[in-house]
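Single-structure report; data block below.
In what follows, every chain begins at residue 1, and chains take the letters A, B, ... in the order their sequences are listed.
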Protein chains: 2
Amino acid sequence: MRKPIAVRSLYGHVMHELGQRIVGGKVKPGEVLPREETLAESLQVSRTALREALKVLSAKGLIESRTGVGARVLEKRHWNQLDADVLAWRCASMPTDDFVDKLVEMREVIEPAAAANAARRRSTEQLAAIDAAYRAMDAAQTLDEWTAADLQFHDAVLHATGNELLQSLFSVVETALGTFFTLSARTAGNFKYSLPQHQKVLEAIRRKQPEVARKAMHAMIADSQANLQHSRGRARKKASA
Amino acid sequence: MRKPIAVRSLYGHVMHELGQRIVGGKVKPGEVLPREETLAESLQVSRTALREALKVLSAKGLIESRTGVGARVLEKRHWNQLDADVLAWRCASMPTDDFVDKLVEMREVIEPAAAANAARRRSTEQLAAIDAAYRAMDAAQTLDEWTAADLQFHDAVLHATGNELLQSLFSVVETALGTFFTLSARTAGNFKYSLPQHQKVLEAIRRKQPEVARKAMHAMIADSQANLQHSRGRARKKASA
DNA sequence: ATAGTCGATTTGTATGACAAACCGTCCGGG
DNA sequence: CCCGGACGGTTTGTCATACAAATCGACTAT
């Protein structure tokens, strides 16, 4: 009796399975899922476990259960699009260019503003955290180390704003950076190319220069976007060749 | 604050009760809740209903259940701060000045950027929706009508960005506007005073002038913030008198 | 033709039972 | 004395079953 290593709880498995089906478009908004008893049987779990999964999906705004009717898939407009799971499900298959653009746009809204606020209000400890992340990026030997340190850097900047609401948007930044690493052309060859840009952000926050920090962060995002466009072009050419 | 739903499901009641206790600070991060059987008894529900509530709270990042240990309240850093329920619970009692400032800050990050993007990309239908909301604000006779139309206006602007991730931040804007209406000094006397500012945003979006729209939205938020500061001053004076 | 009623369907809640994971304790060996 | 492993109590995780409540559609009476 072997169990997968990445052990998730039973209900977690069910939730992911159904969540991916919905977000992936296998069942469309307006449709109703099979009745709980049937679903539970087809997923090999008890109705209890299934129902807990449905409750959480309902909390994420994906479905709505009504007695006598069933669980209906809600319109995308009701989905909790910023939820980490929902974002992950949207990236489960290769994300569309359209979606990547929206992620980049979110970064452009969030991160320059965050950098500016961080430059205004960062504490000494918060600056130290950003600095530590920067040094970890500098010291990174592998792509994995770099990725982890990069995420830590952006998280530390959000944290330094002192606004926990802003920090909760990290799931968006995380997803955006994740797809960037997946799609980007340069990551394989020279994954450290954006280090100087990170340094500029760090220094601006250290010196408490909000507008400098904002522009530095903006430049960094714009550059990574250009990078994406570039690799997109290559992918196109490759596909049509 | 307004009550969205009159009758809630049983598990919904339990979830709100526990959610408020946690967010309100009655049980602090690190503490563990009583065991499920005890909690269920004290809340007069079955373990089934209680567990569904706990699952959803867990999905919102408020608690973590581990077998053999119990349900532990997580650090605030893990909370899903952008969740509509979590925001509502933070406003359940009179929100702290600190929290209101953070809400305003979020608006300053989100809405000017959204207005600019809306001005860039709005469709004819999306513009019509913003226009309709504006006219509803103009025609409002009561504070309730105004409030509803105002929310609709800001939602329509977010929608017009065409970025559903951005639109999911409406819960934040909604909460911010809600506390504004609760706390603001001017709402009682002349609740329509911000109509011209909304008109400027509308016109800029109509004319597809991103930077004009951004500045108009920014001015609107800055003004409402000033308004809040003003009523805060009065509240202070009153309290110390 | 329409309103009201009834019944079939599906979710909501309750209850009891057991499995699985966790924690502290106790015990034995070094 | 110190330390590691086994053991048992505690708590959550999952399952099975039963019934209550809500909903929708069809049928009936007027």
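Backbone-only contact: B/Ser65 has heavy atoms under 4.0 Å from sugar-phosphate atoms and none from a base.
Of the candidate nucleotides C/dT11, C/dT13, D/dG13, C/dT11 has the atom lying nearest to any side-chain atom of A/Arg35. Distances from the side chain of A/Val69 to the nucleotides C/dA21, D/dC24, D/dC15 place D/dC24 closest.
Ion pairing between B/Arg51 and A/Glu52 holds under the 4.0 Å rule for side-chain N and carboxylate O. Salt bridge status for A/Arg35 with A/Glu41: absent, with no side-chain N to carboxylate O gap under 4.0 Å. The residues A/Glu164 and B/Lys76 are annotated as not salt-bridged, no charged nitrogen and carboxylate oxygen being separated by less than 4.0 angstrom.
Taking atom CD of residue A/Glu64 and atom C1' of nucleotide D/dT23, one finds them 13 Å apart after rounding to whole Å. Taking atom CZ of residue B/Arg47 and atom P of nucleotide D/dC15, one finds them 13 Å apart after rounding to whole Å. A/Leu50 places its CG atom 12 Å from the P atom of D/dT14, with the value rounded to the nearest Å. Rounded to whole Å, the distance from CG on B/Leu54 to P on D/dG13 is 9 Å. With rounding to whole Å, A/Leu10 atom CG is found 12 Å from C/dA20 atom C1'. One can place CG of A/Leu33 at 13 Å from C1' of C/dT10, the figure rounded to the nearest angstrom. In this entry the distance linking CD1 of A/Ile63 with C1' of C/dT11 reads 12 Å, nearest Å. Here C/dC22 presents its C1' atom at 13 Å from CZ of B/Arg72, a figure rounded to the nearest Å.
Looking only at atom types and distance, the side chain of B/Asp150 has a donor-acceptor partner in the side chain of B/His198 under 3.5 Å away. A side-chain N or O of A/Arg90 and one of A/Gln81 form a donor-acceptor pair less than 3.5 Å apart.
Neither OP1 nor OP2 of D/dT12 sits under 4.0 Å from any side-chain N or O of B/Arg66. Close to D/dT12, at under 4.0 Å from its OP1 or OP2, lies no side-chain N or O of B/Thr67. Between A/Arg51 and C/dG12 there is a side-chain N or O to OP1 or OP2 distance below 4.0 Å.
If you check distances only, the side chain of B/Thr48 does reach the base of C/dA14 with a donor-acceptor pair under 3.5 Å.
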